Amino acid sequence: MGFDLMDEDKLKEECGVMGVYSKVQNVSHMIYYGLYALQHRGQESAGIAVSKDSKIDCYKDMGLVSQVFSDKNKLERLEGNIGVGHVRYSTTGESLAVNAQPLIVKCKNGEMALVHNGNIVNARSIRKILESEGVSFQTTNDSEVMANMIARYYKDDIEKAIKGVMEIVKGSYALIIMTEDKLIGVRDNQGIRPLCLGKTDDGYVLSSESCGLDAIGAELVRDIEPGEIVIIDKNGIRSIFNDKWNRKKLCIFEIIYFARPDSIIDGINVYSARKEAGKILSSEYPVDADVVISVPDSGTPAAIGYAEESGIPYSIGLIKNRYIGRTFISPNQKAREKGVEIKLNVIKENIEGKRVVLVDDSIVRGTTSKRIVNMLKKAGAKEVHLRVSSPSVSYPCYFGIDTPYRKYLIGANKTSDEICEMINADSLGFLSQEGLIKSTGKSDQFCSACFNGDYPMEIPREGLELDE
């Protein structure tokens, strides 16, 4: 994997999943466009599998959706009225073609294809048990552990098999499973990872985000509930709901950063929540300044909200070079340090001689924030006041987000004043946890463990070892 110039100071994306069931038409093109809309969730690999005449056909490879299917014949050959698709960023398992999804697994009753977003924290111990029983693994990721477990349990009733696996695995998952004649969506018991249901004229769609539905003209019906199994087949759609009460714990970073701003997740309009976070941030950390700018693109809605609430004019101060991929390769440390200047450029006339409020959505390591502050001051900014529309990230995630070790999380090792000094800002303000939750318009139904260490479930020792 290459080195991400600017996003080294961001938590890394998870994965995006897509599934389509149509009564009459070939679904591969619909999945292709849906994956395009979900590309922000993973840029390492992409793949599509379809089912036709009791046979599953699949194509996947390393690269962006447009690269993997640059040869249109590869897409044209995928014919079927049921299909699943995946874009991947590896949180568990190496960045190799063998780990690309969908995963195809042989079962007693045929084949199934599986796509997964999330992270199974007890996958290692389950894998050892399966290997001792003679199961052979082809990949190094935890998705194959789930796939093999379901195949192991799948005798005559796949729904019963899935329920059995859900009682054993710990962690987060939005799963879409395709058998020869069914499309099945599964969301983990806490709803940590998102999954929604859409409807087309002749079928149904499952997607990580509603923007995936919009891309193919599907209507958002609702979000899949925590612990829900939704089954779509020739008889229509039905659900099996979790009979054990679990408190919903959607990953708060879906709202802060991961989701596309035009998505709606668990009833939350992502753009509106980010803008509201900026307004609350302005009331929590006001400052006398001349202009509000954002770190594009993820900081822009909060910056607009900050400007509206404060009355300070909003302007564009940084331009993003959109033609540098997220995995642009820095050949050495010196080039790496120049990375932000390659990816971002200052509009000097908008900030020169001015007191600038710089709004970003999060700080993880602090290295990129320091470079941006210095760029602005070098371009003539009189003052730079950094405002962050989330609390300080102080704890690692074990549920599908690629966070650095805790020793590299600046919020775990420095106070706000120390961070401010390190990044050379004139002042620094992080949105409070209370303000963040308020911005969503919902009660506290989120996993915010990366801020407070309050994990929604016990982390097995094998998960904790990842941070040692």
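Everything quoted here is computed from the prediction, not taken from an experiment.
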**Student:** Using the test side-chain hydrogen bond (donor to acceptor under 3.5 Å, both in side chains), find all partners of R274 that sit at least two apart in sequence or belong to another chain.
**Tutor:**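 Scan of R274 (side-chain hydrogen bond (donor to acceptor under 3.5 Å, both in side chains), adjacent residues dropped) gives none.
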**Student:** Partners of Y153 by ring pair (Phe, Tyr, Trp, His ring centres under 6.0 Å), sequence neighbours excluded?
**Tutor:**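 Testing Y153 for ring pair (Phe, Tyr, Trp, His ring centres under 6.0 Å), a comparison that skips the adjacent residues, returns none.
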**Student:** Look only at the side chain of E254 and the backbone of P194, and say whether a donor-acceptor pair between them is shorter than 3.5 Å.
**Tutor:**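 No.
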**Student:** Could you check whether any side-chain N or O of N117 sits under 3.5 Å from a backbone N or O of G16, counting only pairs where one atom can act as donor and the other as acceptor?
**Tutor:**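 Here the side-chain-to-backbone pair does not exist.
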**Student:** Cation-pi between R193 and Y173: NZ/CZ under 6.0 Å from ring centre and within 45° of the ring axis?
**Tutor:**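 Relative to the ring axis of Y173, which defines the angle, R193 lies outside at least one limit.
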**Student:** Donor-acceptor pair, S443 side chain versus Q445 backbone, under 3.5 Å?
**Tutor:**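 Not at all, since once roles are kept as given, no pair shorter than 3.5 Å links the two residues.
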**Student:** Looking only at atom types and distance, does a side-chain atom of T440 sit under 3.5 Å from a main-chain N or O of K442, one as donor and one as acceptor?
**Tutor:**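 Yes.
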**Student:** Which atoms form the tightest heavy-atom contact between S210 and D262, and what is the distance?
**Tutor:**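 Heavy atoms of S210 and D262 come nearest at OG-O, 4.3 Å.
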**Student:** Do E276 and K438 sit within salt-bridge range, that is, some charged N less than 4.0 Å from a carboxylate O?
**Tutor:**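 Judged by the 4.0 Å cut-off on N to carboxylate O distance, E276 and K438 do not form a salt bridge.
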**Student:** Looking just at side-chain N and O atoms, do S172 and Q190 make a donor-acceptor pair shorter than 3.5 Å?
**Tutor:**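 Short answer, no.
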**Student:** Quick one: NZ on K370 to CD1 on I363, what's the gap to the nearest 0.5 Å?
**Tutor:**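 Between atom NZ of K370 and atom CD1 of I363 there are 13.0 Å.
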**Student:** Report the residue from R355, K382, R387, K377 that forms a salt bridge (Lys or Arg N to Asp or Glu O under 4.0 Å) with D426.
**Tutor:**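 Of the listed options, the one satisfying the test is K377.
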**Student:** Given 3.5 Å as the limit, does a donor-acceptor pair link the side chain of E144 with the main chain of N141, or not?
**Tutor:**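 Answer holds: no.
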**Student:** Drop me the distance from I184's CD1 to L206's CG, to the nearest 0.5 angstrom.
**Tutor:**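 Result: 10.0 Å between the selected atoms.
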**Student:** Flag the pair R41 and E209 as a salt bridge only when some basic side-chain nitrogen lies within less than 4.0 angstrom of an acidic carboxylate oxygen.
**Tutor:**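 Here R41 pairs with E209 in a salt bridge, since their nearest N and O are under 4.0 Å apart.
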**Student:** Mind checking salt bridge (Lys or Arg N to Asp or Glu O under 4.0 Å) for D61 and listing every partner two or more places apart, or none if nothing turns up?
**Tutor:**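 Per chain and number, D61 pairs via salt bridge (Lys or Arg N to Asp or Glu O under 4.0 Å) with no residue.
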**Student:** Testing the 3.5 Å rule here: is there a donor-acceptor pair between the side chains of D361 and S298?
**Tutor:**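 Short answer, yes.
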**Student:** Any carboxylate oxygen within less than 4.0 angstrom of a Lys/Arg side-chain nitrogen, looking at K414 and E421?
**Tutor:**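 No, this pair does not count.
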**Student:** Give the C-alpha distance, both sets of side-chain angles, the deciding distance and a yes or no for side chain to side chain contact (heavy atoms under 4.5 Å, CB included) between L213 and E219.
**Tutor:** CA-CA 7 Å; L213 308 180; E219 175 189 352; over 6 Å; no
**Student:** Determine whether L114 and I150 satisfy the following criterion, side chain to side chain contact (heavy atoms under 4.5 Å, CB included), listing intermediate values before the conclusion.
**Tutor:** CA-CA 10 Å; L114 176 144; I150 294 170; 4.1 Å; yes
**Student:** Under 3.5 Å, is there a donor-acceptor pair linking the side chains of Q101 and S45?
**Tutor:**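 Result is no, nothing qualifies.
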**Student:** Assess whether a salt bridge exists between R222 and E228, defined as any Lys/Arg side-chain N lying under 4.0 Å from an Asp/Glu carboxylate O.
**Tutor:**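 Salt bridge present between R222 and E228.
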**Student:** Can you list every pair that meets ring-ring contact (aromatic ring centres under 6.0 Å, His included) and has a residue in residues 414-453, with sequence neighbours left out?
**Tutor:**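 Qualifying pairs, neighbours excluded: F253-F451.
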**Student:** Please check if atom CD in E284 has more than 12 non-hydrogen atoms from other residues, nucleotides or ligands closer than 6.0 Å.
**Tutor:**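 Yes - once you tally the heavy atoms of other residues, nucleotides and ligands closer than 6.0 Å, there are more than 12.
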**Student:** D266: what forms a side-chain hydrogen bond (donor to acceptor under 3.5 Å, both in side chains) with it, not counting sequence neighbours?
**Tutor:**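 Counting only residues at least two positions away or on another chain, D266 forms a side-chain hydrogen bond (donor to acceptor under 3.5 Å, both in side chains) with R187.
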**Student:** Before giving the answer on side-chain hydrogen bond (donor to acceptor under 3.5 Å, both in side chains), spell out for N242 and E225 the whole-Å C-alpha distance, their side-chain angles and the decisive distance to 0.1 Å.
**Tutor:** CA-CA 9 Å; N242 186 9; E225 292 295 319; over 6 Å; no
**Student:** State, without any angle test, whether R406 and S394 hold a side-chain donor-acceptor pair at a distance under 3.5 Å.
**Tutor:**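 Judged by distance alone, the side chains do not pair up.
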**Student:** Hey, what do you get for CG (D288) to CD (E383), rounding to the nearest 0.5 Å?
**Tutor:**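 Spacing of CG (D288) from CD (E383) equals 9.0 Å.
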**Student:** Within this structure, what is the OG-CD1 distance for the pair S448 and I256, rounded to the nearest 0.5 Å?
**Tutor:**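 Output value for this atom pair is 7.5 Å.
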**Student:** Could you tell me the separation between the OH atom of Y395 and the SG atom of C450, rounded to the nearest 0.5 Å?
**Tutor:**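 Atom-to-atom, Y395:OH and C450:SG are 11.0 Å apart.
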**Student:** Would you mind checking if E131 and R127 are paired as a salt bridge, meaning a charged N to carboxylate O distance below 4.0 Å?
**Tutor:**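 Yes.
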**Student:** How far does CZ of R371 sit from CG of L344, to the nearest 0.5 angstrom?
**Tutor:**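 With rounding to 0.5 Å, CZ (R371) is 11.5 Å from CG (L344).
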**Student:** Can you list everything that forms a salt bridge (Lys or Arg N to Asp or Glu O under 4.0 Å) with E352? Sequence neighbours excluded, please.
**Tutor:**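 So E352 forms no salt bridge (Lys or Arg N to Asp or Glu O under 4.0 Å) with any residue.
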